[in-house]
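Here's the structure we're looking at; comments come further down.
Quick note: residue numbers are just sequence positions, from 1.
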Amino acid sequence: MKMQKWLGALLCSAMIAGTAQAANLKSTIGGDHRTPAYAERDQYRHPAETLEFLGIEPDMTVVEIWPGGGWYTEILAPYLMEKGTFYAAHFPADTSSDYFRKSLTAFEKKIAADEKVYGGIRLTAFDPAGGSEIAPAGSADAVLTFRNVHNWMRGDNEQKAFETFFAALKPGGVLGVVEHRAKPGTSREDMMKSGYMTQDYVVELAKKAGFELEATSEVNANPKDTADHPKGVWTLPPSLGLGDQDKDKYLAIGESDRMTLRFRKPAAE
């Protein structure tokens, strides 16, 4: 009987803690620090459901890969500030790409302008070609990448990227991947051209790096997206690569159909 009461109390405590974490996450997502245009995309990116599925908790050490303008950073940085550690692995400072340099500079200005929200960020760099320390080896509870894998494929660096993530994670750590989803059987050439990747290929990359696929989610699925547009995924919002041409059609489709995958680095024996 005492054991049953103890287990019941433990379960109740865990449920209360989980409810509090969910409330904290939703409060962060609803904060007035967020860029209004970013918040408008919550209907397509489902940040609360995505981060909950990936198991992100406020006391974790988390690495976000190539945060770009900081869409997810606006959520992760304040959520992890008090109890956790947050690494933003942005573009390398010595990059030859004008786009990468401008993106990094804008991101640095963004986080420097609001110490209250971004003061806890540890800014590192991720170079999928040359290798880089996105966080100390074996230190991260989670590595997260949102809509990036197709970019590394263009440089034939996608496998190296997953190996870098594996090295940064603790045994038992999580790799979370959200990526535009191609139809099964799509060729490598078409994946590079369209920005859509097959789920089977992404899973293969992770497994080759040593990960185990733990779970998949359809939280970011969009059955309206046929994944065969004139300018690939960039035809859809927010890019609207065709401009005003068929704009209403693509706005009605919404953002891309996306896979949401949770991988696990095997625990040490």
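We find the OG1-CG distance between Thr73 and Leu80 to be 10.5 Å, quoted to the nearest 0.5 Å. Taken to the nearest 0.5 Å, the CG atom of Leu261 stands 8.5 Å off from the CG atom of Leu175. How far CZ of Arg258 is from OG1 of Thr260: 9.0 Å, rounded to the nearest 0.5 Å. The distance from atom NZ of Lys231 to atom OG of Ser194, rounded to the nearest 0.5 Å, is 13.5 Å. Interatomic distance, CG of Leu236 versus CD of Glu255, reported as 8.5 Å (0.5 Å rounding). In this structure, CD on Glu57 lies 11.5 Å from CG on Leu51, to the nearest 0.5 angstrom.
A donor atom on one side chain and an acceptor atom on the other are not found under 3.5 Å apart for Asn222 and Ser256. A donor-acceptor pair shorter than 3.5 Å can be found between the side chains of Tyr201 and Arg188. In summary, the side chains of Glu133 and Thr124 do not present any donor paired with an acceptor at a separation below 3.5 Å, with no hydrogens or angles considered. Of the N and O atoms on the side chains of Thr145 and Asn148, at least one donor lies less than 3.5 Å from an acceptor on the other residue. A donor-acceptor pair shorter than 3.5 Å cannot be found between the side chains of Asp200 and Thr198.
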side-chain contact (heavy atoms from CB on, under 4.5 Å) assessment of Val219 paired with Phe53: CA-CA 9 Å; Val219 66; Phe53 168 74; 5.5 Å; no
Working for salt bridge (charged side-chain N to carboxylate O under 4.0 Å, His left out), residues Arg34 and Asp42: CA-CA 11 Å; Arg34 293 190 65 205; Asp42 288 356; 2.7 Å; yes
Val149 vs Phe162, side-chain contact (heavy atoms from CB on, under 4.5 Å): CA-CA, chis, key distance, verdict: CA-CA 9 Å; Val149 184; Phe162 279 78; 4.1 Å; yes
Derivation of the side-chain contact (heavy atoms from CB on, under 4.5 Å) call for Ser103 and His90: CA-CA 9 Å; Ser103 179; His90 214 289; 3.4 Å; yes
Step-by-step salt bridge (charged side-chain N to carboxylate O under 4.0 Å, His left out) determination, Glu163 to Lys208: CA-CA 8 Å; Glu163 291 167 1; Lys208 282 184 177 179; over 6 Å; no
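Using a 4.5 Å cut-off on side-chain heavy atoms (C-beta onward), Phe263 and Val177 make contact. Counting heavy atoms from C-beta on, the side chains of Ser27 and Tyr79 never come closer than 4.5 Å. Residues Ile253 and Thr235 are not in side-chain contact: their nearest non-hydrogen atoms beyond the backbone lie 4.5 Å or more apart. Side-chain contact check for Pro67 versus Phe107: some heavy-atom pair is nearer than 4.5 Å. Two residues are said to be in side-chain contact when any heavy atoms from C-beta on lie closer than 4.5 Å; Phe165 and Ile134 meet this criterion. For the pair Pro230 and Leu242, the minimum side-chain heavy-atom distance is below 4.5 Å. In this structure, the side chains of Lys265 and Lys170 stay at 4.5 Å or more apart for every pair of heavy atoms. No side-chain heavy atom of Trp234 sits less than 4.5 Å from a side-chain heavy atom of His229.
Between Trp66 and Phe100, the gap from one ring centroid to the other is short of 6.0 Å. Taking the six-membered ring where the residue is Trp, the centroids of Phe86 and Tyr118 are separated by 6.0 Å or more. Aromatic ring centres of Trp152 and Phe126: separated by under 6.0 Å.
Hydrophobic clustering of Ile, Leu, Val, Met, Phe, Trp and Tyr side chains at less than 4.5 Å, counting indirect connections, keeps Met81 apart from Tyr72. Both Ile65 and Met197 are assigned to one and the same hydrophobic cluster, defined by single-linkage of ILVMFWY side chains at heavy-atom distances under 4.5 Å. Hydrophobic clustering of Ile, Leu, Val, Met, Phe, Trp and Tyr side chains at less than 4.5 Å, counting indirect connections, unites Ile56 with Ile29. Leu54 and Ile75 fall within a single hydrophobic cluster, where Ile, Leu, Val, Met, Phe, Trp and Tyr side chains are chained together by heavy-atom contacts under 4.5 Å. Under a hydrophobic clustering in which Ile, Leu, Val, Met, Phe, Trp and Tyr are joined whenever their side-chain heavy atoms come within less than 4.5 Å, directly or via other members, Leu144 and Val178 fall into the same cluster.
Remark: Glu212 does not engage Arg264 in a salt bridge, criterion side-chain N to carboxylate O under 4.0 Å. Ion pairing between Arg147 and Glu179 fails under the 4.0 Å rule for side-chain N and carboxylate O. Between Lys193 and Glu189 no salt bridge is recorded (no basic side-chain N to carboxylate O distance below 4.0 Å). Looking at Arg181 and Glu218, a side-chain N of the basic residue comes within less than 4.0 Å of a carboxylate O on the acidic one, giving a salt bridge.
Here the closest non-hydrogen pair linking Val63 and Ala89 is CG1-CB, 4.1 Å.
Listed by chain and number, the residues in a side chain to side chain contact (heavy atoms under 4.5 Å, CB included) with Ala227 are Tyr196, Asp225 (sequence neighbours excluded).
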